2 protein chains.
Amino acid sequence: MIELGQLEQLVAVAECGTLSKAAEQLHLSQPALSRSIQKLEEELQVTLFERQKNKLSLNPCGELTVEHAKKVIGQSRDLVERVRAFERRQRTVSVGSCAPAPLWDIVPLLSALYPEMTISSEMKSNDRLLQGLGDGTYQMIVLPEPIQQPGIHCVRYGEEQLYFSLPPAHPLSGAKALHLKDLDGETMLLLSQIGFWHEMHREKMPNTHFLVQEEDFAFNELVRASALPSFTSDLAIKREGNASNRVMIPILDPEAHATFYCLCRADEEKKLSAFFRRIESPAWKPS
Amino acid sequence: MIELGQLEQLVAVAECGTLSKAAEQLHLSQPALSRSIQKLEEELQVTLFERQKNKLSLNPCGELTVEHAKKVIGQSRDLVERVRAFERRQRTVSVGSCAPAPLWDIVPLLSALYPEMTISSEMKSNDRLLQGLGDGTYQMIVLPEPIQQPGIHCVRYGEEQLYFSLPPAHPLSGAKALHLKDLDGETMLLLSQIGFWHEMHREKMPNTHFLVQEEDFAFNELVRASALPSFTSDLAIKREGNASNRVMIPILDPEAHATFYCLCRADEEKKLSAFFRRIESPAWKPS
DNA sequence: CACAATTACGAGGGTCGTAAAAATG
DNA sequence: CATTTTTACGACCCTCGTAATTGTG
């Protein structure tokens, strides 16, 4: 039986041009490679090289063999890649979310419920999420609205309320509640990884100058150190505590309030049943 | 590195359902196969089977692997096949002819000129021959007419004259020459392997009842033992001598005279140059 | 004389088979 | 108790590397 190792050796010789160089590349002694090639020719019952005592060069038959060998080798590499990728996917739950807050609870919860699984998560636009749910990129997605579709399982997850985070010296820091337009036109700090909330900011506060921060740490430092207004939410406050020297003022616009829904494909609902049972139970509250 | 042998073993286990049966099929002890499979899983870094102490069954990942393994194995078999076929073709000259007589000389001549080559020959219709010359099935063909085409090399080879072979007792056995229609309507012996001559018989002797013989030996026996008229030709007479107790009478119809031409693709003319030089030399005569 | 391929030969590793163990229906 | 898988162990074959040979530019 012909073996992949032999084909690799043949290709190496073909590409190096000489046995010695190929042997070096293959971490093999040159005599060993010489024998291997001879054995390959024996098993194929075909001579692949022109022998000129001192030189070895592919004959037409050898060139054809190399050509096919590359295909076979490529396909075998492909096999390994695909199988490993498949296995990895079997062992991972991919979650896509429209906003960061739901992931704060969902990822740890999934980790706890499926300890042998890898949990991967990312944020994307609603469109991308739905598409990814369909094509298998995600096993579960979080949207700010319910989807009623055959083949899709949809469960209400929780809510999030947006707040302004103002320094006490701000003129509006005494207000009980505000609208988005009340601060429109000012300069505000904003995190970049906030998912679908970005749309709202663009639409309802078109005149605001946002200083967008990529990093969580940098954002928090600026919030503490500067007098610039920024955003937060009930979930963020629960998670990180009240930022020192900041006043949190709820935002009255309906767009500043989100209700999140967890969706998965109906044919994968069973695998995630433990998760859905948990978030559907009366005891469940986003912490 | 993963090897084809391991993939074959995997496929065998998948198809046999059990290690023992697969081991038997592979002419291998069952423990050895058990280890090989384990090693494959190790190298893939993936478990392929569900282990139930007593039973071994493919998991989804294993099924995927088997699927791809079959492809790789198939492609490697294909490699061997193609390479061997290519090598065989490198070492053979395939000749196609419209009639048997030219091959009597051409095949031995090619064998003598190219002693390291295998000469293969067969008879086909003119259409098939031309097609086969184009697609590489034949390196050379023999037609009863010249072809003037760019990319095709065409050389006159020789001629053949058809004769009636009559028993002395036949009413026409005294004639100096005859036409085909003179014997139309009688019962005649005919060889099956006569190439394009068949068309002529069908067209010019539509009322004749032909007793077609598949075998050369049977035909000759019947010619000797019976009083049935048959055909022969100048080339056949030169080759086999005058059949005892038969009168050979030339046939006057132009269709009973053939001029043969040897054709090859212009891009292969060089390989066959020795042959063409020979048949173009003034000394050449079909023996 | 450096470099390339082949042949010879001894050592080491890997794979095989036999034997034994564990588990199942 | 027959069947199946896995582990243990010793033997053997195969391939490797070193060394030597031959041939070339």
Side-chain angles (χ1 to χ4, degrees), chain A residues 1-63 65-66 69 72-73 76 80, chain B residues 1-63 65-66 69 72-73 76 80:
Chain A
M1 157 109 299
I2 186 180
E3 288 294 352
L4 285 174
Q6 299 174 282
L7 297 183
E8 293 220 336
Q9 293 176 341
L10 173 64
V11 171
V13 175
E15 290 183 344
C16 293
T18 152
L19 272 188
S20 330
K21 286 175 193 166
E24 190 180 356
Q25 176 182 315
L26 293 167
H27 307 293
L28 208 66
S29 77
Q30 181 238 36
L33 182 56
S34 177
R35 281 189 304 263
S36 288
I37 292 292
Q38 288 169 29
K39 195 184 163 204
L40 176 61
E41 288 180 311
E42 246 178 65
E43 287 174 345
L44 284 176
Q45 301 165 357
V46 155
T47 73
L48 304 173
F49 292 88
E50 295 293 337
R51 257 93 174 174
Q52 294 159 15
K53 283 298 178 193
N54 198 17
K55 193 165 183 180
L56 213 57
S57 55
L58 281 173
N59 62 23
C61 206
E63 285 170 13
T65 310
V66 168
V72 177
I73 292 168
S76 92
V80 176
Chain B
M1 157 111 301
I2 186 179
E3 289 294 351
L4 285 173
Q6 300 174 280
L7 297 183
E8 292 220 335
Q9 293 175 340
L10 173 65
V11 171
V13 174
E15 289 182 346
C16 293
T18 152
L19 273 186
S20 330
K21 287 176 192 165
E24 190 180 358
Q25 176 183 315
L26 293 166
H27 307 293
L28 208 67
S29 77
Q30 181 241 33
L33 183 56
S34 177
R35 279 189 305 262
S36 289
I37 293 291
Q38 288 168 27
K39 195 184 162 206
L40 176 61
E41 288 180 311
E42 247 177 66
E43 288 175 343
L44 285 176
Q45 302 166 355
V46 156
T47 73
L48 304 172
F49 292 88
E50 293 294 335
R51 257 92 173 173
Q52 295 158 16
K53 283 297 181 191
N54 198 17
K55 194 167 183 180
L56 215 57
S57 54
L58 282 172
N59 62 23
C61 205
E63 286 170 13
T65 310
V66 168
V72 177
I73 291 168
S76 92
V80 177

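Just so we're clear, the structure is a prediction, and the values are computed from it rather than from any experiment. Chain identifiers are assigned alphabetically (A, B, ...) following the order of the sequence lines, protein sequences preceding nucleic acid strands; residue numbering begins at 1 within each chain.
The CD1 atom of B:Ile37 sits 11 Å away from the P atom of C:dC16 (whole-angstrom rounding). The distance from atom CG of A:Leu40 to atom C1' of C:dT6 is 17 Å, rounded to the nearest whole Å. Atom NZ of B:Lys21 is separated from atom P of D:dA2 by 17 Å (rounded to the nearest Å). If you measure from atom NZ of A:Lys39 to atom P of D:dC14, you get 8 Å, rounded to the nearest angstrom. Rounded to whole angstrom, the span from the CG atom of A:Leu56 across to the C1' atom of C:dT6 amounts to 10 Å. Distance CD (A:Glu3) to C1' (D:dC14): 13 Å, rounded to an integer number of Å. Between the CD atom of B:Glu42 and the C1' atom of C:dG14 there is a distance of 13 Å, rounded to whole Å. If you measure from atom CD of A:Gln38 to atom P of D:dC14, you get 16 Å, rounded to the nearest angstrom.
In this structure, a donor-acceptor pair under 3.5 Å is present between the side chains of B:Gln6 and B:Glu43.
To the nearest 0.5 angstrom, A:His27 atom NE2 is 13.0 Å from A:Leu33 atom CG.
Of the residues near DNA chain D, B:Lys55 and A:Ser36, the one whose nearest nucleotide (by heavy atom distance) lies more toward the 5' end is B:Lys55.
Counting only heavy atoms from C-beta outward, the side chains of B:Arg51 and B:Leu56 approach each other to under 4.5 Å. At least one side-chain heavy atom of B:Phe49 sits under 4.5 Å from a side-chain heavy atom of B:Leu58.
The side chain of B:Ser34 contributes an N or O atom lying less than 4.0 Å from OP1 or OP2 of D:dT6. In this model, the phosphate group of D:dT6 is approached by a side-chain N or O of B:Arg51 to a distance below 4.0 Å at OP1 or OP2. Taking side-chain N and O atoms only, A:Thr18 has a distance below 4.0 Å to OP1 or OP2 of C:dA5.
Remark: of the listed residues A:Lys55, A:Glu24, A:Gln30, A:Gln30 is the sole one forming a side chain to side chain contact (heavy atoms under 4.5 Å, CB included) with A:Leu19.
Judged by distance alone, with hydrogens and angles left aside, B:Arg35 brings a side-chain donor or acceptor within reach of the base of C:dG17, the pair sitting under 3.5 Å.
Listed nucleotides D:dG17, D:dC16, C:dA4 differ in distance to A:Gln9; the shortest reach to its side chain belongs to D:dC16.
Put simply, the side chain of A:Glu50 never gets that close to the backbone of A:Ser57: no donor and acceptor are under 3.5 Å apart. Under the 3.5 Å distance criterion, the side-chain polar atoms of A:Glu3 are matched with a main-chain donor or acceptor of B:Gly5.
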Report task. For nucleotides 19-25 of chain D, just jot down a letter per nucleotide in 5' to 3' order: B, S or -, based on protein non-hydrogen atoms under 4.0 Å. Result -> B---BB-
